[in-house]
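To find a chain, count down the sequence lines: A is the first, B the second, and so on, and within it residues start at 1. This structure is a prediction, so every number in the text was calculated from the model and none was measured.
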Number of protein chains: 2
Amino acid sequence: MIGFHEFISEFNDALSRCESMAIFARCEIVYSGRAESQLLSGDRMLLIKSDKSMLIHQPTGSAPVNWMKEDSDYALDIEGDSLMLRVRNLPLKEYLDIKIEEIYSFSRQKLEDGQKIIITGSERDMSDMILENPELIEKGFKPLSREEHTKYGFIDVFGYDANNVLVVIEAKRYSADFKAVSQLRRYVEKVRKSKGLEKVRGILAAPQISANAEKMLHDFGFEYRKISPPKYMERFHKKQSNLNFFSDKKDSKNHD
Amino acid sequence: MIGFHEFISEFNDALSRCESMAIFARCEIVYSGRAESQLLSGDRMLLIKSDKSMLIHQPTGSAPVNWMKEDSDYALDIEGDSLMLRVRNLPLKEYLDIKIEEIYSFSRQKLEDGQKIIITGSERDMSDMILENPELIEKGFKPLSREEHTKYGFIDVFGYDANNVLVVIEAKRYSADFKAVSQLRRYVEKVRKSKGLEKVRGILAAPQISANAEKMLHDFGFEYRKISPPKYMERFHKKQSNLNFFSDKKDSKNHD
DNA sequence: GGGGAGAGATGCCGC
DNA sequence: GCGGCATTTCTCCCC
């Protein structure tokens, strides 16, 4: 438990040094901006980052209950028994008011991190895989070099089949739904119109598809290919299982 | 700075008591599950919640760089100069390995929070507003009681115009895009087919619409209405600007 | 800055 | 659990 006066001093000092902060506190919260929200009194974790963004987490769930974007302004004032923390982002017209009733703990730290996460197994990797292995779609499929931003739109993969009919492919890394079919439909219609072609094939590539989406797909005359996104690191790990840090990962992967 | 042995003991005790934790540390991270990722050494904030979910934040940005869902398992082991924190969610087949090089600070706290956030200004509030004020769409519009899950789909608002022509309305709280138009199109087509009607009107209600989306909208013969989501609390605050922090919140439920 | 689309999206609700 | 959809989505990339 930390007194408000000591906290105010520490908080403002940390803020001026662009340190990151973690606060455990009981508080009530009101947000006003893109929407409006209220959250009555309870225990939460408040994070303030070096970029002056803020996140508030309840003790459960993976999404923050309230937050403010970077470059927000912070002001602390004691009001009666409580400490008001007012967070403002004037350019975005967003306001967060936190009535802090009790502070359980406070940590501050200057954090240095120049690293950027590298992710594999995304939809992009999936279309790369299709480009490199066109037979995943069908024998004789000839993909054109992928053009995300053609005049036809943001098409994942684009090519010709064995009969030189144009093929538009939409890849989804997860179970394909109505939205994926609608998207494919929009692209196919665009290409048909732009090229003045009657026949353009549409193919949805995904590990799964919902029954409704598949029905809609067939109604439009499109096709489904069951294809899963690649996991490059996993493959790498299986090949090279003798490394230090990563080796344990690998072993832990061998749960299947 | 905290020693690994002391940390292990504190961490495991906190875990067994379902406390929440905040850790500032330098670490490397590897994730494997729905996708795969790696993040080289840097300073981060690690949160572990009462529900045994985990969030890892870099010093900037509002989204976590890595995370694990609730009910994950945690295991700590000293390996050479580092402390390995292995997080596992076996049912989801997700694995997170954190190589902790240095711990700057550690906080733990039992958090109690039974409150649920109340949000206004959502799309749902928008369709409620249209139901209560049908003239926002046009003179003579008669909304039917809203049925989110009709056999026609999850239609926002549904009604008849002055000439008893069926009207399907899709509301968007933000600037409407291609996806919104596609969605409206899908609903209109569904209703046309289900009811065997030639003429069903489609209206997109949103505060804004992109030029491309508006063109597509008109190509399909649909219409746009410029309507913004309501902000009940804001209206209330303007009327009653002399209350203390919380009285407004409570009454803000009586928004209309 | 807006538009368009993916995300390890998350969360909610309904079946 | 899956399906369908909104989200104060967030993030990225391109124009």
With [atom1] as the reference atom in both, quote the distance from [N] to [M] in angstrom, rounded to an integer.
N	M	atom1	value
D/dC5	C/dA7	C1'	16 Å
D/dC14	C/dG8	C1'	24 Å
D/dG4	D/dT8	P	23 Å
C/dG6	D/dA6	P	16 Å

From the options D/dA6, D/dG4, D/dT8, select the nucleotide whose nearest atom is closest to the side chain of A/Phe178.
D/dG4
Identify which nucleotide among D/dT7, D/dT8, C/dG3 has an atom closest to any side-chain atom of A/Ser37, counting heavy atoms from C-beta outward.
D/dT8
Kindly indicate whether the side chain of B/Glu94 and the base of C/dG8 share any N or O donor-acceptor pair separated by less than 3.5 Å?
yes
Members of residues 60-70 of chain A that approach DNA chain C, where some heavy atom sits under 4.0 Å away:
A/Gly61, A/Ser62, A/Ala63
Measure from [atom1] on [X] to [atom2] on [N] and round the result to the nearest Å.
X	N	atom1	atom2	result
B/Asp156	D/dG4	CG	P	16 Å
B/Gln38	C/dG8	CD	P	15 Å
A/Phe154	D/dC12	CZ	C1'	12 Å
B/Glu123	D/dG4	CD	P	17 Å
A/Leu184	C/dG6	CG	P	12 Å
B/Arg124	D/dA6	CZ	C1'	12 Å
A/Met54	D/dT8	CE	P	18 Å
A/Ile155	C/dG6	CD1	P	12 Å

When all nucleic acid strands are considered with a 4.0 Å heavy-atom cut-off, which category describes [X]: base, sugar-phosphate, or nothing?
X	answer
A/Gln208	nothing
A/Lys172	sugar-phosphate
A/Tyr174	nothing
A/Tyr95	nothing

Taking for B/Ile117 and for B/Lys190 the nucleotide of DNA chain D with the nearest heavy atom, the one nearer the 5' end belongs to B/Lys190
Quick one: on DNA chain D, does B/Ser122 or A/Ser175 contact a more 5' nucleotide (nearest heavy atom)?
A/Ser175
Less than 4.0 angstrom between a side-chain N/O of [X] and OP1 or OP2 of [N], yes or no?
X	N	answer
B/Arg186	D/dC5	yes
B/Tyr187	D/dC5	yes
B/Ser210	C/dG2	no
A/Arg173	C/dA9	yes
A/Arg34	D/dC10	yes
B/Gln183	D/dA6	yes

If pairing requires Watson-Crick or G-U wobble contacts with both distances under 3.5 Å, which nucleotide is the partner of C/dA7?
D/dT9
Can you tell me how far [atom2] of [Y] sits from [atom1] of [X], rounded to the nearest 0.5 angstrom?
X	Y	atom1	atom2	value
A/Lys190	A/Arg185	NZ	CZ	14.5 Å
B/Phe222	B/Glu170	CZ	CD	11.5 Å
B/Arg44	B/Arg26	CZ	CZ	10.0 Å

Please tell me whether [X] and [Y] have a donor and an acceptor in their side chains that are separated by less than 3.5 angstrom.
X	Y	result
A/Glu94	A/Tyr31	yes
A/Lys172	A/Gln208	no
B/Ser50	A/Thr60	no
B/Asn212	B/Ser210	no

Whichever of A/Lys179 and A/Glu170 has the more 5' nearest nucleotide on DNA chain C, that residue is A/Glu170
Given side chain to side chain contact (heavy atoms under 4.5 Å, CB included), test B/Ile155 with B/Val191 step by step and report yes or no.
CA-CA 10 Å; B/Ile155 291 169; B/Val191 173; 3.7 Å; yes
Check: B/Val87 main-chain N/O paired with B/Asp73 side-chain donor or acceptor under 3.5 Å
no
Would you call A/Tyr31 stacked on D/dT8, i.e. ring centres under 5.5 Å apart with the planes less than 30° off parallel?
yes
